[in-house]
Amino acid sequence: MLQINVIRENVGKVLEGLKKRNMRDAEVLVNEALTVDKIRREKQKEHDDLVGEVNRISKEVGNLMKSGQKQQADEMIAKMASNKKVASELGQELLKAEEELQRVLYLIPNVPADKVPAGKGAEDNLNVYQHGQIPTLPPDVQPHWELIKKYDIIDFDLGNKISGAGFPVYKGKGAKFQRALINFFLEEASRQGYTEIQPPIVVNKASGYGTGQLPDKEGQMYFIAEDELYLIPTAEVPITNLYRDVILNEQDLPIRHVGYTPCFRREAGSWGAHVRGLNRLHQFDKVEIVQIRKAEESYETLEAMCLYVQGLLEKLELPYRKLLLCGGDTGFNSAMTYDLEVYAAAQQRWLEVSSVSNFETFQASRLKLRYKNKEGKTQLLHTLNGSALALPRIVAAILENNQTPDGIRVPKVLVPYTQFEMIDAKL
RNA sequence: AGAGGAGUGGUAGAGCGGUUUAUUGCACCGGUCUUGAAAACCGGAGACCCUUCACGGGGUCCGGGGGUUCGAAUCCCUCCUCCUCUGCCA
């Protein structure tokens, strides 16, 4: 959520930034917010002045009562009755204005950073870096959805039976490979100084609002109506919300966390032609890194986090490219996002495996996540996160790129975790 | 899940309708003393909103929400969380 005082003081810059997102009604929303804010401030002042007077008179009544001047007290009470009524009405109006302002602010996305290019969608993203050789595979190369059947490691039919589409069952070496990847990612992050967190995988409404999934992505999360809980779409939600309503001390910073969780996404309306096999799932595993930083160091941190994820891809021997997302493709909450995509040689497609974002104060202002600086002033912090990494497409790329006549070659760095070097015959 | 008890500032813990602008201890910060520190003494300290160039002023906050009252931390309703006992269960 953008802060209203920031919008008020930088209308031009905010509008110019939002233009890069190629969104139609930015100006309308911003103007609406400013109008409601003006009303809110007027009501606040009227209300406070009146309540202040009522408070003063109440105190006098107390004194009169105590000194036994009941009649005079009663007179003052009578005189105050109308003031009280007006104050209560003003209070209602103020509340309404505040709610209205909140509602509008929730609809305004983050302002993209200066470096973010304007653009409509994926075609306008900037390819800023590419690494690794695109593998040349023999003509009889198989896509991963064939390979998982050949070696009986991931079973979509079984998942269909017990749950539904998009809930695969991992079996044998397939299951062990998942576990190996999760452990590898967690260990690598720990070694870099990230503190491991194992959070709940359901969250309440307040957490959904805290990181911005609500109200923007209401229909995209699984919801348990009976207990009013949401299945998390990413570990970002519970981990970042650990710091909701928190004022940190400067010496507590920076905060660096890593966590593994399954992630749940309804993906309503997003199944298309290229969605096969592991490319898109309702439930998948992901290791997420989260950082909380002071404003002045957040962009440096974004680059560092990105380089860390790139390092993981290099250790896994996967060819990848790094995209700086354009305004239109940058998520609602993010000020700047890099996507990392690996090349899956059989599909001959780039698959997004990580998204690393700086949210600046957008989440922090919803979360009320602040720190006390050296001067003793409380300031909003910046939040950042990135996938490090999401498993299914990594698995897809490794299966496709590393296939040999004898089976799938496990990347060297994973062998200590898998305890096997090839995914071949059934276990 | 049922019965009972409890939620107050960083923490412990008083207050249970009107000198509460929330007592006090500890922890914290500043000062005096000291070469420095400790001790002692003195002082300070929260968050949010509105207003002001600023100094300052006003309002809100005692788990959340609602109510009673001229006046609520204090009384009532409701929800949440924690503790004890009982039940159930990985």
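Throughout, protein chains are lettered first and strands after them, A, B, ... in sequence-line order, and every chain is numbered starting at 1.
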Original post:
Do we get A:Lys173 above A:Phe420's six-membered ring, with its NZ or CZ under 6.0 Å from the centre and within 45° of the axis?
Top reply: yes
Original post:
Expressed in angstrom and rounded to an integer, what is the separation of A:Lys368 atom NZ from B:rA47 atom P?
Top reply: 15 Å
Subject >> Between A:Tyr371 and A:His382, ring centroids under 6.0 Å >> reply: no
Original post:
Watson-Crick or G-U wobble partner for B:rC61, using a 3.5 Å limit on both distances?
Top reply: B:rG46
Subject >> Residues in contact with RNA chain B, drawn from residues 33-41 of chain A - heavy-atom cutoff 4.0 Å >> reply: A:Arg40, A:Arg41
**OP:** Kindly say if A:Lys43 contacts the phosphate of B:rC50, meaning a side-chain N or O under 4.0 Å from OP1 or OP2.
**Re:** no
**OP:** Taking atom P in both B:rU24 and B:rC42, compute the distance separating them and give it to the nearest angstrom.
**Re:** 13 Å
Subject >> Sugar-phosphate or base contact per nucleotide [nucleotides 55-68 of chain B; S, B, -; heavy atom under 4.0 Å] >> reply: ---BSS--------
Subject >> Atom-pair distance (NZ on A:Lys372; P on B:rA45), nearest Å >> reply: 12 Å
**OP:** Provide the distance between the two P atoms, one in B:rU21 and one in B:rA37, to the nearest whole Å.
**Re:** 39 Å
**OP:** In whole angstrom, give the distance that lies between atom CG of A:Leu248 and atom P of B:rG10.
**Re:** 14 Å
**OP:** Considering non-hydrogen atoms only, spot the tightest contact between A:Arg21 and A:Gly331 and give its length.
**Re:** NH2-O, 3.0 Å
Original post:
Considering every strand shown, what is the Watson-Crick or G-U wobble mate of B:rA14 when both distances are under 3.5 Å?
Top reply: none
Original post:
So do the side chains of A:Arg370 and A:Lys368 get within less than 4.5 Å of each other, counting heavy atoms only?
Top reply: yes
Original post:
B:rG7 and B:rG87: how far apart are their C1' atoms, nearest whole angstrom?
Top reply: 26 Å
Original post:
Separation of A:Arg8 atom CZ from B:rC49 atom C1', in whole Å?
Top reply: 11 Å
**OP:** Give none if B:rA37 has no partner; otherwise give the nucleotide forming a Watson-Crick or G-U wobble pair with it, both distances under 3.5 Å.
**Re:** none
Original post:
Considering only the P atoms, how many Å lie between B:rG66 and B:rA72, rounded to the nearest integer?
Top reply: 14 Å
Original post:
Using atom P of each nucleotide, how far apart are B:rC28 and B:rA14 to the nearest Å?
Top reply: 23 Å
Subject >> Side-chain N or O of A:Arg370 closer than 4.0 Å to phosphate OP1/OP2 of B:rG46 >> reply: no
**OP:** Give me the one residue out of A:Asp339, A:Asp329, A:Thr330 that meets side-chain hydrogen bond (donor to acceptor under 3.5 Å, both in side chains) with A:Asn125.
**Re:** A:Asp329
Subject >> Aromatic ring pairing A:Tyr222/A:Phe167, orientation class (parallel under 30°, perpendicular over 60°, tilted between) >> reply: tilted
**OP:** Answer with base, sugar-phosphate or nothing: what part of the nucleic acid does A:Lys377 contact at a heavy-atom distance below 4.0 Å?
**Re:** nothing
**OP:** Round to a whole Å and report the spacing from CG of A:Leu105 to P of B:rC49.
**Re:** 13 Å
**OP:** May I ask you to decide if the ring planes of A:Tyr194 and A:Tyr308 are parallel, tilted or perpendicular, using 30° and 60° as cut-offs?
**Re:** tilted
Original post:
On a whole-Å scale, what distance lies between the C1' atoms belonging to B:rU74 and B:rC62?
Top reply: 10 Å
Subject >> Plane angle bin for A:Tyr417 and A:Phe184 - parallel if under 30°, tilted between 30 and 60°, otherwise perpendicular >> reply: perpendicular
**OP:** Determine the sole option in A:Gln363, A:Arg366, A:Glu236 for which the side chain to side chain contact (heavy atoms under 4.5 Å, CB included) test with A:Thr383 is passed.
**Re:** A:Gln363
**OP:** Starting from C1' on B:rC49, measure out to CG on A:Leu101 and report it in whole angstrom.
**Re:** 12 Å
**OP:** Check each of A:Glu218, A:Lys217, A:Gln213 against A:Tyr230 using the side-chain hydrogen bond (donor to acceptor under 3.5 Å, both in side chains) test, and report the only one that passes.
**Re:** A:Glu218
**OP:** Could you give me the CA-CA distance, side-chain angles and deciding distance for A:Val128 and A:Lys322, then say whether side-chain contact (heavy atoms from CB on, under 4.5 Å) is met?
**Re:** CA-CA 6 Å; A:Val128 292; A:Lys322 177 180 180 179; 3.6 Å; yes
**OP:** Please report, rounded to the nearest Å, how far the C1' atom of B:rC70 is from the NZ atom of A:Lys85.
**Re:** 17 Å
Original post:
Watson-Crick or G-U wobble partner for B:rG7, using a 3.5 Å limit on both distances?
Top reply: B:rC80
Subject >> C1' gap between B:rU69 and B:rC75, integer Å >> reply: 10 Å
Subject >> Nearest-nucleotide 5' precedence on RNA chain B, A:Lys45 against A:Ile247 >> reply: A:Ile247
**OP:** Send over the distance from A:Leu380 CG to B:rA47 C1', rounded to a whole Å.
**Re:** 13 Å
Original post:
Rounding to the closest angstrom, what is the interatomic distance between B:rU20 and B:rC55 at atom P?
Top reply: 29 Å
